[in-house]
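Beneath this line is the structure, given in structure tokens, with notes to follow.
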Amino acid sequence: MKIATWNVNSLKVRLPHLLRYLEADTAPDILLLQELKCQTDDVPRADIEALGYHVEAVGQKTYHGVAIISKQPISVVLRHLPGDETDEQARYLEADIAGLRVAALYLPNGNPVETEKYPYKLGWMARLADRAATLLAEDRPFLLGGDYNICPTDVDLYDPVGWRDDALVRPESRAAFRRLLNLGLTEAFHALHPHAAHVYSFWDYQAGAWQRDNGLRIDHLLLSPALADRLEACEIDKEPRGWERASDHTPVWCRLREVA
DNA sequence: ATGCCCGGAACGTCCGGA
């Protein structure tokens, strides 16, 4: 079972890339998408279904939007992260697939930190921790994957000093991410590559960041204990970031051992 | 310095069809 996450930065613009990714013989069984930047009804589901995948999405006009694409049927559990009924941003989709609970999430960026955007980010992370605690208490195998907009440590970005005060790096942001892990979740890439440094999943469009490898590692796959026991591989696939008219993010994937 | 690039929305212009 291969599960991937990819912030496509506009599903409409990136549809050819998505189809190319899904057509490859290395295609994932489950793909979590972020930043659809389109309404739910405008998701090009027929193009995706034609490749043998199921699609579920929660979108909105212009901003955000997440989706789950799967070879096996998807049973949606939640279309919003619980804990704030006034939050209408399309950032969370949780579903059951083949006995597995999976969530696609697009965690708020949080910049600029002196605005209400930063407390919104931290509040969203607290709600995510509450949700993870609930899933852990239910003792079910689950994966929370997506664009976390968090560089967990200083080796996860090219210029820690320059970015010190950024919402992706600040101590409060990292502490909130650690609280999530400390509930008992395993960040897949770090678990299998504990000494990896300067391996990224995002490169800004500006200032030749991709060419200079000035990146950030902000896309993560978090596993429940039962799934962490099944983790056999996790990699960042840099290839799609090099394609023409690429997203600024590239896919991160993991492979889970099949259970007997 | 705070843009650099890119996307969408809105708008403007051009083009093809009627």
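Reckoned from all heavy atoms, side chains included, excluding hydrogens, waters and symmetry mates. Here is how names work: the chains are called A, B, and so on, in the same order as the sequence lines, proteins then strands, and each is numbered from 1.
Regarding D42(A), its CG atom lies at a distance of 18 Å from the P atom of dG7(B), rounded to whole Å. Following rounding to the nearest Å, E244(A) (CD) and dC6(B) (P) show an atom-to-atom distance of 11 Å. Across the protein-nucleic acid pair, H64(A) atom NE2 and dG8(B) atom P stand 14 Å apart, rounded to whole Å. Look at NZ on K12(A): it is 18 Å from P on dC6(B), rounded to the nearest Å. The distance from atom CD of E35(A) to atom C1' of dG8(B) is 12 Å, rounded to the nearest whole Å. Atom CG of L11(A) is separated from atom C1' of dG8(B) by 14 Å (rounded to the nearest Å). Rounded to whole Å, the distance from CG on D248(A) to P on dG7(B) is 9 Å. We find that CH2 of W203(A) is positioned 17 Å from C1' of dC6(B), with the value rounded to whole Å.
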* Asked: Which dot-bracket string fits DNA chain B when only Watson-Crick or G-U wobble pairs with both atom distances under 3.5 Å count, crossing pairs get [ ], and | stands for a partner on a different strand?
  -> ..................
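Y205(A) belongs to no multi-residue hydrophobic cluster, having no ILVMFWY side-chain contact under 4.5 Å with any other such residue. Using a 4.5 Å cut-off between side-chain heavy atoms of Ile, Leu, Val, Met, Phe, Trp and Tyr, W253(A) forms no hydrophobic cluster with any other residue.
Screening residues 242-254 of chain A for salt bridge (Lys or Arg N to Asp or Glu O under 4.0 Å) gives no qualifying pairs among residues at least two apart or on separate chains. For residues 104-124 of chain A, no residue pair satisfies the salt bridge (Lys or Arg N to Asp or Glu O under 4.0 Å) rule, not counting sequence neighbours.
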Atom pairs, N/O to N/O, protein against nucleotides 1-5 of chain B, distance under 3.5 Å?
from	atom 1	to	atom 2	distance (Å)
dC4(B)	N1	Q206(A)	OE1	3.2

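Not counting sequence neighbours, the partners of H17(A) by the ring-ring contact (aromatic ring centres under 6.0 Å, His included) test are W243(A). For H80(A), there are no ring-ring contact (aromatic ring centres under 6.0 Å, His included) partners, not counting sequence neighbours. For H249(A), the ring-ring contact (aromatic ring centres under 6.0 Å, His included) criterion is met by F202(A), not counting sequence neighbours.
A donor-acceptor pair shorter than 3.5 Å can be found between the side chains of N111(A) and D166(A).
Between R79(A) and E94(A) no salt bridge is recorded (no basic side-chain N to carboxylate O distance below 4.0 Å).
At dG7(B), none of the side-chain N or O atoms of T62(A) fall inside 4.0 Å of OP1 or OP2 (strictly under the cut-off).
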